Amino acid sequence: MSTATHDGLTRPEQSPDTPPKRGAGGGSAAAVGGRFFNGFSHVFLLVWAVMVIYPLLWVVMSALKTDSEVIRQPLSLIPAKLNWDNFARAWGAGHLGSFFLNTVLVLAGSVTLTMLLGSMAAYALARYEFRGNRLIYYVFLSGLTLPIYLAAVPLFKGVYNTSVYLPLLGPNKHLMLILVYVAWSLSFTVFFMHSFFRTLPNTIAEAAMVDGASHSRLFFSVMLPMSKPGLISIGIFNVLGQWNQWYLPTLLMQSVAGEEKNQVIAQGLIELSVNQGYKSDWSGLFAGVTMAMLPVLVVYIIFQRQVQSGLTAGVGK
């Protein structure tokens, strides 16, 4: 419909349900605000990327410098010559090879046991209802609130008292550090996997039980493979946390006079720094830090998609 106006022209009549048209000024203001927000976010991400990438490049390139270049030009990223012998010196003379071997042995046992025991406990707490279920779950969660420093004295005395009866669980032994790592990592593993197991569908588990699968076969053959994204995510977190752990190995891996040192990589780097004395082998120290940093960095880069899918799986389902 149209209506006549005082100037003799006819204009379409606007329905009361029709929303008024926005002016050019409102639309341009919104566009300017959106462009400003996008520009600010890009600048923030660029600054964040520089803050993360530059220290990594600085450590790696400092490992290829000479000691004089490290001291005189500490912030430069381009050495005059690539000194690859720094890595060989840190690996051999710095005993970094033995530290790597000890770390790999400890992590192979601790991460495997943590993932196995943590996933089994989380599965039972998430999928079965029984008396004391919530109590046990909250006992595991309470481990997240206890700083490891508060348990240092009883843990130290317990290790030394246990070594009287069980020499394999004494101080400076790999097995004791493995068990302590498992106890230290179990709380977060149960908390993470408990939430993940609750998102898995019940229909598949019921179908497997109808087909005659036992509870153990249901867990290992059906539910555990379905939780692969969550296992990879929590496995990466455990590897990173235990690889970078320094306090517990320093507390428990103390060699007595005459015993061989079973130090891990974090202890080795500290010893490499402290034992320099007046020699100041800074290039060898940076080479050791680089060799300690690159394995976990490569592992995370390889499994980053699995980690992201594991973290968002519970939200998407």
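This is a predicted model, so every value here is computed, not measured.
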Using links of under 4.5 Å between side-chain heavy atoms of ILVMFWY residues, direct or through other members, which residues join [X] in one cluster?
X      : result
Leu150 : Leu146
Trp48  : Val52
Val43  : Val47, Met51

Problem - Geometric class of the Phe197/Phe219 ring pair [parallel <30°, tilted 30-60°, perpendicular >60°] - result: tilted

Problem - Short side-chain to backbone donor-acceptor contact, Ser119 and Leu116, under 3.5 Å - result: yes

Practice task
Walk me through it: do Arg89 and Ser283 pass the test side chain to side chain contact (heavy atoms under 4.5 Å, CB included)?
Solution key: CA-CA 10 Å; Arg89 187 173 66 256; Ser283 58; 2.9 Å; yes

Exercise for the section: Using only heavy-atom distances, determine whether the side chains of Ser76 and Lys65 contain a donor-acceptor pair under 3.5 Å. Expected result: yes

Problem - Any donor-acceptor N or O pair under 3.5 Å, side chains Tyr128, His215 - result: yes

Handout entry: Where at least one partner belongs to residues 49-68, residue pairs that pass ring pair (Phe, Tyr, Trp, His ring centres under 6.0 Å), sequence neighbours excluded
Key = Trp58-Phe286

Exercise for the section: Taking ring-ring contact (aromatic ring centres under 6.0 Å, His included) as the test, write out the residues that go with Tyr149, two or more places apart. Expected result: Tyr247

Exercise for the section: Go through the structure and list residues passing ring-ring contact (aromatic ring centres under 6.0 Å, His included) with Trp243, not counting sequence neighbours. Expected result: Phe100

Practice task
First locate atom CG of Leu175, then atom CG of Leu105, and finally report the distance between them rounded to the nearest 0.5 Å.
Solution key: 12.0 Å

